[in-house]
Amino acid sequence: MKRFPLVTKSLLFSAVLVFSASNQSFAASISFGGANASDGSGLTSTFMDPINGGLSDYFIETFDIATGDPLFPGSTDYTVAGFENECAVNSLNSSPIGVSVMANSNEIAVRKGSEPEVAAAPANDTTCYGYATNNGSGVASITFDYSNLLNYYSALYGSTTQLGITYLGFYWGSVDNFNDFNFYSGGSLVSSITGAELLTALGGSSGNQSDPDSNAYVNIAFSIAEQFDTLVINTSDIAGEFDNIVIGLSTREIPVNAPGATLLLLFGTAMIASRRLRKK
Ligand SMILES: [Ca+2]
Ligand SMILES: [Ca+2]
């Protein structure tokens, strides 16, 4: 994977929040801001670009066949009719290292562009994106379980400790008060962020499809102790849209002046281990 310079001018860290799941000692550092994506998808993580790649031990889900990772065969199972040649869940569990995506089939979809009363492309995103929809009633829930990927890399790295994910980034489009993202480790809730929390922090309005304060790149840094393995996206109305989901393993590179840099000391050992591995 190619390295690339950080686009510092596009960093917009207007707020940093720390949330703790109730009855737990865990805390995750949540910040907002990303880099301009080079594939026309709006915002991506400062750690990983859909075309140019990024730092080691990060993975990106773009929902575009053109920028899919060859390691992940991908699937068009959830692609909206008419977009089968362009849009897919690239990391779906069709290989030993794939991601298990669980949802009711009519509550998850991948498409390009906006359709009124269905889904809105995240601001400035002309590529394929994913969304959760309750189709007008109840709560829709999408689970991304990364256990297979983590098991694969734990075995590959010969880790005596199971690897986890200590960074998650995602481009959240037209954030609504009724959307939320939740992070689990071994079945226990580690952290979460709700649409209402994001809109309060940024001063955005619910459902706005173009305002940067309602279309934000969200970065979450987890400590080694709270590293997560499963992402659950809920929405209780139409719709919860997202793109450029980036995960960073606990062996990931962490540049200075980046989201979660305050946790750098905690990760020092992991960084050294990661560099040693890359020299093989
Ligand atoms: Ca995309
Ligand atoms: Ca929305």
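Small disclaimer: the values here were computed from a predicted structure and weren't measured. Atoms within each ligand, like the ligands themselves, are counted from 1 in listed order. Residue numbers start at 1 and run along the sequence shown.
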**Asked** Do any N/O/S atoms of A239 come under 3.0 Å of the Ca ion (ligand 2)?
**Response** yes

**Request:** Check D176 and report its N/O/S atom nearest to the Ca ion (ligand 2), by atom name.
**Result:** OD2

**Item:** Aromatic ring pairing Y58/F47, orientation class (parallel under 30°, perpendicular over 60°, tilted between)
**Value:** tilted

**Asked** Are the side chains of L189 and N182 in touch, meaning some heavy atoms are under 4.5 Å apart?
**Response** yes

**Asked** Taking the six-membered ring for Trp, are Y129 and F63 ring centroids under 6.0 Å apart?
**Response** no

**Request:** Could I get the full list of side-chain hydrogen bond (donor to acceptor under 3.5 Å, both in side chains) partners for D211, not counting sequence neighbours?
**Result:** none

**Prompt:** If you stand at the Ca ion (ligand 2) and look out to OE1 of E241 and O of S174, what angle do those two lines make, to 10°?
**Reply:** 120°

**Where at least one partner belongs to residues 71-86, residue pairs that pass side chain to side chain donor-acceptor pair (under 3.5 Å), sequence neighbours excluded** = S75-D77, E86-K112

**Item:** Hydrophobic cluster identity match, F59 and Y157, side-chain contacts under 4.5 Å
**Value:** yes

**Request:** Give every protein N, O or S atom lying under 3.0 Å from the Ca ion (ligand 1), naming each by residue and atom.
**Result:** T62 O, D64 OD2, T127 OG1, C128 O, D243 OD1, D243 OD2

**Message:** The criterion is side-chain hydrogen bond (donor to acceptor under 3.5 Å, both in side chains); which residues satisfy it with D237, sequence neighbours excluded?
**Reply:** none

